[in-house]
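Values below: all heavy atoms of this structure, side chains included; hydrogens, waters and symmetry mates excluded. Counting begins at 1 with the first residue of the sequence. Whatever order the structure lists them in is the order used to number ligands and atoms, beginning at 1.
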Amino acid sequence: MPQRDWTRRAIEALEAETHRSADTHLLRLDLPSFPGIPLYLKDESVHPTGSLKHRLARSLFIYAICNGWLREGRPVIEASSGSTAISEAYFARLLGLPFVAVMPRSTSPDKVALIEHFGGRCHFIDDTDVYGTAQRLADELDGHYMDQFTYAERATDWRGNSNIAESIFRQMAHKADPEPHWIVVSAGTGGTSATIGRYIRYRPGTQVTTRLAVVDPERSVFHDYFVSGDTTLTLSRGSRIEGIGRPRVEPSFVRGVIDRMIQVPDAATFAALRVLERLLGRRCGGSTGTNFVGALQLMCELHANGTPGPVVTMICDGGERYRGTYYDEAWIAATGLDVASWQRRLDEVVASGRWPD
Ligand SMILES: *Cc1c(COP(=O)(O)O)cnc(C)c1O
């Protein structure tokens, strides 16, 4: 098929997929110890591929197609710790393109199974150079390396077009609450924080006072980069919280739109998943635990300062993908982290509305 015809059909297929999907829910959680400070959770686990990466994958495919980077029958390659690969495998199949994910061998088997379920192939590596391997593989196979860590911030239409920020503000406009004090997200590519941060500065019509907080797990350079501005920072070990925290400063991580960063210990993240399970009656993925710890800390500040108002955060994906890790007692024990004492602290925060000193 001529390239131009293939491009048109590909875009039509992606548009049709968008129209088959509804917007994601904005859940509300009222904790009695935080009067006037509701927590809203944007539930990104309900996308057809189960995570916020569904939005990113759609944007990356549209961007690549419109740039003339994808061709009929040619493979798409990605460097991914799992969730992006799951969503991209889905879109590649929709377009009839082969898909290969380059990922660390430690990626959870449930994620690998999902990538294969959507017709993708997994290429495991033992070092951290997923980027170089993905580029080499793309050259060898005469395919295209999608490169989420470079293009996430620019592939998304950050001014609108139903991006995640516009969707949150549209849904909040129908609530009895004023604008959120804080939106709390975590960063992997940094694409989500870039979209939200730019949108709240730009947002047409009104003056938005909402601030953007980004939470960062252990084994990530983002927090130190936020403080120092040093783009050369690197780490040799990868983050334990799948999807967030990076060993290098990713090109898509936009520092200037972030108002505050909060470091969250991994033990607090794992404890938060248990607290959230009790509060929501369901299991969420690891990064949602990190988000929840940051949101609780900010809610405590609003409470202490006597400035009530909503806080918004995100359910990035569901807990089903992590049965063998965050929800497995043996796996948690093997980390050697004191999750139990963090669970007591977080239970106390939820009960008292106060952050421990
Ligand atoms: C990618 C990812 C994030 C972070 O989103 P970015 O837009 O890439 O910064 C958070 N949680 C999960 C589960 C992810 O896969």
Mark up the atoms of ligand 1 that fall under 4.0 Å of a heavy atom belonging to [X], in ascending order.
| X | value |
| --- | --- |
| Ile244 | 3 (C), 4 (C), 10 (C), 11 (N) |
| Thr189 | 6 (P), 7 (O), 8 (O), 9 (O) |
| Ser83 | 15 (O) |
| Gly190 | 6 (P), 8 (O), 9 (O) |
| Lys53 | 1 (C), 2 (C), 3 (C), 5 (O), 8 (O), 14 (C), 15 (O) |
| Ala187 | 9 (O) |
| Asp317 | 13 (C) |
| Gly191 | 7 (O), 9 (O) |

Taking 4.0 Å as the limit for heavy-atom contacts, which would you say applies to Val185 with ligand 1: side chain only, backbone only, both, or neither?
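The answer is neither; Val185 stays 4.0 Å or more away.
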
Aromatic ring centroids of [X] and [Y] under 6.0 Å?
| X | Y | value |
| --- | --- | --- |
| Tyr326 | Trp331 | yes |
| Tyr327 | Tyr322 | no |
| Phe61 | Trp69 | no |

[X] side chain near [Y] side chain, heavy-atom distance below 4.5 Å:
| X | Y | answer |
| --- | --- | --- |
| Glu17 | Phe91 | yes |
| Phe149 | Phe253 | no |
| Cys316 | Lys53 | no |

Next on the checklist: Can you see whether Phe99 has Arg121 sitting over its ring - NZ or CZ less than 6.0 Å from the centre and within 45° of the normal?
Outcome noted: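 Relative to the ring axis of Phe99, which defines the angle, Arg121 lies outside at least one limit.
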
dist Arg154:CZ -> Thr195:OG1 (nearest 0.5 Å) comes out at 12.5 Å

Tell me the protein heavy atom at minimum distance from [atom], and give that distance in Å.
| atom | result |
| --- | --- |
| atom 4 (C) of ligand 1 | Gly188 N, 3.4 Å |
| atom 11 (N) of ligand 1 | Ser287 OG, 2.7 Å |
| atom 7 (O) of ligand 1 | Thr192 OG1, 2.5 Å |

